[in-house]
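First the structure, in the form of C-alpha cells, and then the observations on it.
All chains are named by letter (A, B, ...) in the order of the sequence lines, taking the proteins before the strands, and each is independently numbered beginning at 1.
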Amino acid sequence: MRIATWNVNGLRARLDFVAHWLKARQPNVVGLQELKLQDAEFPHEFFNDLGYTALVHGQKSWNGVAILTNGHAELTQTGLPGQDERGSRLISADIEGGINFTTVYCPNGKTLEHADYPGKLDWYDSLLDHWQAAEHDARVLCGDFNIVPEAQDTWRGDAALGDIFHTDAERQRLQAIKNTGLVDLFREKYPSEQQFSWWDYRGGAFHRKQGLRIDFLLAAPSVANQVSDVVIDRDYRKKQDGLTASDHAPVFVDLAV
DNA sequence: ATGGCTCTCGCGGAGAGA
C-alpha cells in the first residue's frame, strides 16, 4: 500500500497536475492540504473518473484538507477540537489495512511577533491533546507541519535557529507529538540525508537547493515496521507538461500491507 | 536586506504563504 501527503497550494489551480501525479505514482491513500475551496466546490467527479473517492474538510479561500483513496475509507474526524477558528486543518479516516489515517495542515505562524505565532503553538497543544485522547495501535499522522525539525532539514542549517519554523518552542511541540509514539518515516530510513519537501517559488530557490523539510509522514511502530520505501517526490516540484507545481513536493511511503 | 512567485477574491490590488 502506498500512502502519501501533499500540500497542493490550491486544488483548483493544481487539478491537472495532481491527476498527472496520481497516474504516475498510483498511490492508494493521499492526504491533501491547502485545498483553498469549500466542500461544495470539491471536484468529486474528477477524482472518481481517476478511480479515487475523497473525504473533504474544506474552507473558502484558505486551508482545507482531504483524503483521497482508491479503496475503502471511513471518516472518523473533521477539524481539530477547540481550534475551529483557525480553519479547516485536520481530517481522519479509517483506511484499509486497519490503519487510522490523519492528515493536517498546521498553522504557519507568520512571524515571531505576529499573533499567529502563539496561535500556532496553541494549535499544536490542541493537536497533542487530541492525539493523546485517541487510542489506535496502527495510525499515521501526516501533512504540512510548518516546522523544521533539525538543522539538517533546512538549507540554512544552524543559521536558521530561532527563526520562525526553527524555534525551540515549535520544535518542542513537534517532538511532543512524536513522543506519543510516532516515527518520522523519512528520517528513520535516511538518518543523515538532507532532502527538502518545500522550496519558495521566488528567486529560483528550487534550483539553488534552498528548501525546507516540513512535510512528514509520522507513524506508529506497527506501521513504521511495514515501511519498505520512503520518497520525497521532488520531480513533482517541477513543471509537468507545462503545468505549474505546488511549492511543496508530494511525499509517499510504501507499506507491506 | 529584501522577497524577485503563486494562490484567492474578483476585476484592482492586496493578503497569505513559509
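Scored by the salt bridge (charged side-chain N to carboxylate O under 4.0 Å, His left out) test, A:E41 finds A:R12 as partners (sequence neighbours excluded). Taking A:A224 as the reference, A:V183, A:L185, A:E188 meet the side chain to side chain contact (heavy atoms under 4.5 Å, CB included) condition, with sequence neighbours excluded. Residues satisfying the salt bridge (charged side-chain N to carboxylate O under 4.0 Å, His left out) test with A:D94, not counting sequence neighbours, are none. Applying the salt bridge (charged side-chain N to carboxylate O under 4.0 Å, His left out) rule to A:D153 yields the partners A:R187, A:R213; only residues at least two apart in sequence or on another chain are considered. Under the salt bridge (charged side-chain N to carboxylate O under 4.0 Å, His left out) criterion, A:D122 pairs with A:R86, not counting sequence neighbours. Scanning for side chain to side chain contact (heavy atoms under 4.5 Å, CB included) contacts around A:A245 gives A:F17, with sequence neighbours left out.
For the P atom pair drawn from B:dG15 and B:dG10, the interatomic distance equals 15 Å after rounding to whole Å. Taking the P atom of each, B:dG13 and B:dT2 are spaced 25 Å apart, rounded to whole Å. Using atom C1' as the reference point in both B:dG12 and B:dA1, the two lie 29 Å apart (nearest Å). Spacing between B:dA18 and B:dC7 at atom P, rounded to whole Å, works out to 14 Å.
In this structure, CZ of A:F206 is placed 18 Å from C1' of B:dG4, rounded to the nearest angstrom. Rounding to whole angstrom units, CD of residue A:Q59 and P of B:dC7 are separated by 19 Å.
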Exercise. Dot-bracket, DNA chain B: Watson-Crick or G-U, under 3.5 angstrom, [ ] crossing, | other strand?
Worked result: ....(((((...))))).
Exercise. Could you write nucleotides 8-18 of chain B as a row of B, S and -, 5' to 3', where a protein heavy atom under 4.0 Å of any base atom gives B, of only sugar-phosphate atoms gives S, and otherwise -?
Worked result: SS-----BSBB
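Screening residues 104-150 of chain A for ring-ring contact (aromatic ring centres under 6.0 Å, His included), with sequence neighbours left out, gives A:F145-A:F216.
Counting heavy atoms of neighbouring residues, nucleotides and ligands inside a 6.0 Å radius, atom CG of A:N48 exceeds 12 of them.
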